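For reference, the structure discussed in these notes is given below.
Values in this document were obtained by computation on a predicted structure and should not be read as measured data. A note on names: the letters A, B, ... follow the listed sequences, proteins ahead of strands, and every chain is numbered from 1.
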There are 2 protein chains.
Amino acid sequence: MARLPLYLRALTGLAERGVATVSSEELAASAGVNSAKLRKDLSYLGSYGTRGVGYEVDFLRHQISREIGLTQDWSVVIVGIGNLGHALANYGGFASRGFRIAALVDADPKRAGEEVAGLQVRHADELEDLIQQLRISIGVVATPARAAQTVCDRLVAAGVTSILNFAPAIVQVRDGVDLRKVDLSTELQILAYHEQRKNGAALALTAEQAAELAEAVNG
Amino acid sequence: MARLPLYLRALTGLAERGVATVSSEELAASAGVNSAKLRKDLSYLGSYGTRGVGYEVDFLRHQISREIGLTQDWSVVIVGIGNLGHALANYGGFASRGFRIAALVDADPKRAGEEVAGLQVRHADELEDLIQQLRISIGVVATPARAAQTVCDRLVAAGVTSILNFAPAIVQVRDGVDLRKVDLSTELQILAYHEQRKNGAALALTAEQAAELAEAVNG
DNA sequence: GGACACTTGTGAACCCGTGCACAAAGTTGC
DNA sequence: GCAACTTTGTGCACGGGTTCACAAGTGTCC
């Protein structure tokens, strides 16, 4: 269930504030969902609540962690150490949630050897070896679009069974491999779509107008 | 509709390969969706196809662009110029799709004045002024979680009506403001969840094992 | 010009996630 | 121990999105 991480984050916040038990109503509010939905989600894991009282924060945290697989460490390889790969490698949120950035790989030989986030960047040729030696099961693709399919194929062939794809490309993987996609431009385009509907493009600019304003403000 | 950018990307790929017309079946395949779904989506825009033939690639591209609002430029402010903000500012995919990074803002006075992606980083105090002067309607939040709500409130108060939030926090905005969220850790956690189900945690490691392997390979 | 092959556009069934509402269960106070 | 209150867990209905299947329209070939 895709909302479990959300609940976990809300619970962690409550735990830090010293809250011992929480009702579905309260927890739902801090996670931004409907309370009935939350109860239905939690009941799917088992009956971990107490009627008349609510849920014990620490206990529920542990149950969700176990369900998600957070009680184990997962090794991750990041392929493509451009701007985005860089940011991902340095992103602190991964390590604290059981994800270990085990390897960084780039196709550019000039990048190989460079140190990023305390790890040496390896050349793409070593990809398969690294996956096997480090027992990596999750791959993050931050390459240009044209390389994405090839990279995914190689990851899958080497044994990776979960891929998070940031490249703006449609990639196909065989059954049994999980593929999730995050497309930054698409997210903005969806916003722009709604924006246009809202105020009849009152805030949209021509390229010339935008450039002019930028000139005036930034000099 | 959230799939229009997807179709647009597929169409652009076809256009580059010199394809003039395409059937719903083919286009659906390259976008990774069902052909009936695609036809229904496109029929929502109007009857732009020809029975017995298919859709004219260039014409359809233009129609979708117009629908999404890509024929206009949108000014964007990025708040929080850490690793992620840096990567977003340098990400080439925005400019080519009608999004103009108009301003970069950070709360750290030491960052102000620094040049990132050809733009001077401004201090957070200037946020409201920049939004008005540059007529910014879209905000990207790449701050730490604890600052996210405050930043969003200020963006909305200054007139921003669409927000893309990368901070791992639940933020509330008033009605009429569009808010989309991208949570990198959550994406990985969902993958880990499925991963755990698949192979009974065969590939999961304890933190010790992972550290040991890392030592052997990188050390 | 007519038969045939192809493709769109859409009505209708279906599926799944969501939210309401309530019974079951537990707690508190007396 | 009993009544009143609180909260969970879930049956059920609703609605939006997805898919099937097919009629209607278009081009092609002879």
In B/S/- notation, 5' to 3', how is nucleotides 3-13 of chain D contacted by protein heavy atoms closer than 4.0 Å? ---BBBBBBB-
Over how many whole Å does the gap from B:K37 atom NZ to D:dC20 atom P extend? 11 Å
A:L45 backbone acceptor or donor facing A:E67 side chain under 3.5 Å: no
Between C1' of D:dG27 and CD of B:E56, the distance in whole Å: 15 Å
Starting at CE of B:M1 and ending at C1' of D:dG17, how long is that distance when rounded to a whole Å? 9 Å
Going by heavy atoms in the side chains, are A:Q63 and A:R66 under 4.5 Å from each other? yes
So, applying side-chain contact (heavy atoms from CB on, under 4.5 Å) with A:C152, which one of A:V171, A:T143, A:V160 is it? A:V171
Do the side-chain N or O atoms of B:N34 get closer than 4.0 angstrom to the phosphate oxygens (OP1, OP2) of D:dC20? yes
Within this structure, what is the CG-to-P distance between B:D41 and D:dG16, rounded to whole angstrom? 16 Å
With A:Y48, which of A:Y7, A:F59, A:Y55 fulfils ring pair (Phe, Tyr, Trp, His ring centres under 6.0 Å)? A:F59
Taking C-beta and beyond as the side chain, do B:S75 and B:I138 meet within less than 4.5 Å on heavy atoms? no
Roughly how far apart are B:S24 OG and B:L38 CG, rounded to 0.5 Å? 6.0 Å
